[in-house]
Amino acid sequence: MNAMNFVEPEERVALRKAAADLAGKYGHEYYAKKARAGEKTDELWNEAGRLGYLGVNLPEEYGGGGAGIADLAAVLEEFAAAGSPLLLMVVSPAIVGTVLSRFGTPDQKKQWLPGIADGSKKIVFAITEPDAGSNSHKITTTARRDGGDWVLSGRKVYISGVDEADAVLVVGRTEDAKTGRLKPALFVVPTDSPGFEFTKIDMDIVAPENQFSLFLDDVRLPAEALVGEEDAAIAQLFAGLNPERIMGASFSLGTARYALDKAVGYANERQVWGAPIGSHQGLAHPLAQVKIELELAKLMTQKAASLYDAGDDFASGESANMAKYAAAEVAIRAVDQAVQTHGGNGLATEYGLGSLVTAVRLGRIAPVSREMVLNFVGQHSLGLPKSY
């Protein structure tokens, strides 16, 4: 995106259209039917992978498109705007694909990146713990050396898509030989590893992807399971978290667009007292407000992606947090106003809005809570004292 004229390059505009056309063949009815049946959106995932949409941000030498996170975010936004978002795009190609591309060994890249790019392999991400949340300094999952191997033990919670993953990128901690302190480290853990177990968490969200608790009981891993340098793990971790926030924002933006489009269509068609209900300011103004907030959130998301792709990790961190915050807020407002515009129909399954009421609420919680974003902005953007 050109920072001076705010216009996306022609290639990304074309990418958006192609992604929208693909997702439009499936739509929200397909997505909701799969989710309610407890099935996966494999048809859309597989076709998106085959056509190259899942790997647009990955290196060309490993089957990717050689572009950036801005392009992958555009694809996810268009999928969500068509009513068929793919949550694991946030995880497998965005977080894990980025971390492996930047810090993985040649063998790790060769083993995993081509499959991530074409969708034939999925690696999910595990950082959150029951007592630590996403605080990497409080993580208790630990890895100790045993000869040439690593032995990993601990627990993780609210990990997306483990049941459909080939491996999990686990955030653990290792002991510093000099100081005895624990420091973050990243490991690729195949889901069929002995000692690796997971259980589903029942959720009230209608989605094809499931959430899981992980239990790692002395999981033995070869030395090559460690991603990157042991001493640089915190930098490697945050290299994946900024794309996560950018993709999370894009997920929310697309959902907001879907809800707004449904509301505007209904407001133009539904007639009461001889006029479309959209002619009344009581409905027109809230919808216009959603549109304004949506465009503002989209600009911040594009700024964050542009900074990240330019290699400015620090500046992109501030923008990514702001984008994730703004997009989550407008998604909630958009869905709420779409339901209100539809009246009773807004909660009827036929209209495809009711299930989103719970789903968009997740954007305020994950991948980082609304409150932690405000803490970040207060401390790092405003220079206020640390509050936690």
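Residue numbers run from 1 in the order of the sequence given.
Grouping the Ile, Leu, Val, Met, Phe, Trp and Tyr side chains by contacts below 4.5 angstrom, directly or via other members, places Leu72 with Val124. Hydrophobic clustering (side-chain heavy atoms under 4.5 Å, transitive across Ile, Leu, Val, Met, Phe, Trp, Tyr) keeps Val373 apart from Leu362. Both Tyr30 and Leu51 are assigned to one and the same hydrophobic cluster, defined by single-linkage of ILVMFWY side chains at heavy-atom distances under 4.5 Å. Leu44 and Leu356 fall into different hydrophobic clusters, where Ile, Leu, Val, Met, Phe, Trp and Tyr side chains are chained together by heavy-atom contacts under 4.5 Å. Cluster annotation: Val264 and Ile277 are assigned to distinct hydrophobic clusters (Ile/Leu/Val/Met/Phe/Trp/Tyr, side-chain heavy-atom contacts under 4.5 Å, transitive).
Contact between Ile69 and Pro243 at its shortest, heavy atoms only, is CD1-CB, 3.8 Å. Nearest heavy-atom pair, Ala207 versus Ala35, reported as atom, atom and distance to 0.1 Å: C-CB, 3.5 Å. The minimum heavy-atom distance between Lys156 and Val171, with the atom names listed, is NZ-O, 2.6 Å. Shown here for Ala249 and Thr301, the closest heavy-atom pair between the two residues is CB-OG1, 3.6 Å.
Distance alone, capped at 3.5 Å, places no donor-acceptor pair between the Asp336 side chain and the Ile332 backbone. Checking side-chain atoms of Ser92 against main-chain N and O of Leu88 turns up no donor-acceptor pair under 3.5 Å. At distances below 3.5 Å, not a single donor-acceptor pair connects side-chain atoms of Ser306 with backbone N or O atoms of Gln302. Counting only distance, with no hydrogens or angles, the side chain of Tyr351 and the backbone of Val339 share no donor-acceptor pair below 3.5 Å. Asp146 places no side-chain N or O within 3.5 Å of a backbone atom of Asp149 that could act as its donor or acceptor partner. No donor-acceptor pair closer than 3.5 Å links the side chain of Asp71 to the backbone N or O of Ala67. Of the possible donor and acceptor atoms, one in the side chain of Ser84 sits under 3.5 Å from a partner among the backbone N and O of Gly27. Side-chain atoms of Arg245 come within 3.5 Å of backbone N or O of Leu241 as a donor-acceptor pair. At distances below 3.5 Å, at least one donor-acceptor pair connects side-chain atoms of Ser369 with backbone N or O atoms of Met372. Between the Glu129 side chain and the Thr141 main chain, a donor and an acceptor come within less than 3.5 Å of each other.
A donor-acceptor contact closer than 3.5 angstrom is absent between the side chains of Glu47 and Tyr53. For the residue pair Glu224/Gln108, the side-chain donor-acceptor check at 3.5 Å is not satisfied. The closest side-chain donor-acceptor pair between Asp218 and Ser153 falls under 3.5 angstrom.
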Evaluate side chain to side chain contact (heavy atoms under 4.5 Å, CB included) for Val157 paired with Leu214, printing each intermediate quantity in order.
CA-CA 6 Å; Val157 69; Leu214 303 188; over 6 Å; no
Any chance you could lay out the side chain to side chain contact (heavy atoms under 4.5 Å, CB included) test for Val151 and Val219, step after step, and finish with the verdict?
CA-CA 5 Å; Val151 178; Val219 176; over 6 Å; no
Verify side chain to side chain contact (heavy atoms under 4.5 Å, CB included) between Arg16 and Val13, making sure each step is shown before the conclusion.
CA-CA 5 Å; Arg16 281 186 178 277; Val13 173; 5.7 Å; no
Is there a side chain to side chain contact (heavy atoms under 4.5 Å, CB included) between Phe125 and Val90 once you walk through the steps?
CA-CA 10 Å; Phe125 181 65; Val90 179; over 6 Å; no
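A distance of 10.0 Å separates OG1 in Thr98 from CG in Asn242, rounded to the nearest 0.5 Å. With values rounded to the nearest 0.5 angstrom, Ile127 atom CD1 is found 9.5 Å from Leu169 atom CG. Taken to the nearest 0.5 Å, the CG atom of Leu100 stands 9.0 Å off from the NZ atom of Lys109. Rounded to the nearest 0.5 angstrom, Asp217 CG and Glu197 CD are separated by 7.5 Å. For the atom pair CG of Leu307 and CD1 of Ile246, the computed distance is 8.5 Å after rounding to the nearest 0.5 Å. Separation of atoms CZ (Phe251) and CG (Leu87) is listed at 5.5 Å; rounding is to 0.5 Å.
Ionic pairing of Arg370 and Glu329 is present here: one or more N-O contacts between side-chain nitrogen and carboxylate oxygen are shorter than 4.0 angstrom. Looking at Lys324 and Glu244, no side-chain N of the basic residue comes within less than 4.0 Å of a carboxylate O on the acidic one, giving no salt bridge. Remark: Asp313 engages Arg102 in a salt bridge, criterion side-chain N to carboxylate O under 4.0 Å.
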For residues 281-299, which side-chain donor-acceptor pairs fall under 3.5 Å, sequence neighbours excluded?
| from | atom 1 | to | atom 2 | distance (Å) |
| --- | --- | --- | --- | --- |
| Gln289 | NE2 | Glu293 | OE2 | 3.3 |
| Lys291 | NZ | Glu295 | OE2 | 2.8 |
| Glu293 | OE1 | Arg333 | NE | 2.8 |
| Lys298 | NZ | Glu77 | OE2 | 3.4 |

Mind listing the side-chain donor-acceptor pairs of residues 158-168 below 3.5 Å, one per line with the distance, residues two or more places apart or on another chain?
| from | atom 1 | to | atom 2 | distance (Å) |
| --- | --- | --- | --- | --- |
| Ser160 | OG | Gln211 | OE1 | 3.3 |
| Ser160 | OG | Gln211 | NE2 | 2.9 |
| Asp163 | OD2 | Lys40 | NZ | 2.8 |
| Asp163 | OD2 | Asn210 | ND2 | 3.3 |
| Glu164 | OE1 | Lys122 | NZ | 2.7 |
| Asp166 | OD2 | Lys122 | N | 2.9 |

Anything under 3.5 Å between a donor and an acceptor, one on a side chain of residues 110-120, the other on a protein residue two or more places apart or in another chain? List them.
| from | atom 1 | to | atom 2 | distance (Å) |
| --- | --- | --- | --- | --- |
| Asp118 | OD1 | Ser120 | N | 2.8 |
| Asp118 | OD1 | Ser120 | OG | 2.6 |

For residues 380-388, which side-chain donor-acceptor pairs fall under 3.5 Å, sequence neighbours excluded?
| from | atom 1 | to | atom 2 | distance (Å) |
| --- | --- | --- | --- | --- |
| Ser381 | OG | Glu318 | OE2 | 2.5 |
| Ser387 | OG | Asn375 | OD1 | 3.0 |

N/O donor to acceptor pairs below 3.5 angstrom from side-chain atoms of residues 55-63, sequence neighbours left out:
| from | atom 1 | to | atom 2 | distance (Å) |
| --- | --- | --- | --- | --- |
| Asn57 | ND2 | Pro93 | O | 3.1 |

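Around the CG atom of Asp204, the shell of radius 6.0 Å holds no more than 12 heavy atoms that belong to other residues, nucleotides or ligands. Gln340 CD: 12 or fewer foreign heavy atoms inside a 6.0 Å radius. Enclosure of atom CD in Glu29 is not indicated, since only 12 or fewer non-hydrogen atoms of other residues, nucleotides or ligands lie within 6.0 angstrom.
Contacts classified as side-chain hydrogen bond (donor to acceptor under 3.5 Å, both in side chains) and involving residues 258-280 (residues at least two apart or in different chains) are given here: Tyr266-Asn345.
Proximity of Thr341 to Gln337: side-chain heavy atoms (C-beta onward) are separated by under 4.5 Å at one or more points. At a threshold of 4.5 Å between non-hydrogen side-chain atoms, the residues Asp21 and Lys25 do not count as touching. At a threshold of 4.5 Å between non-hydrogen side-chain atoms, the residues Met322 and Lys303 do not count as touching. At a threshold of 4.5 Å between non-hydrogen side-chain atoms, the residues Phe196 and Thr191 count as touching. A heavy-atom distance below 4.5 Å is not found between the side chains of Ser319 and Tyr308. The closest side-chain heavy-atom distance from Leu226 to Leu186 is not below 4.5 Å. With a 4.5 Å cut-off on side-chain heavy atoms, Leu353 and His342 count as touching. Two residues are said to be in side-chain contact when any heavy atoms from C-beta on lie closer than 4.5 Å; Trp150 and Arg144 fail this criterion.
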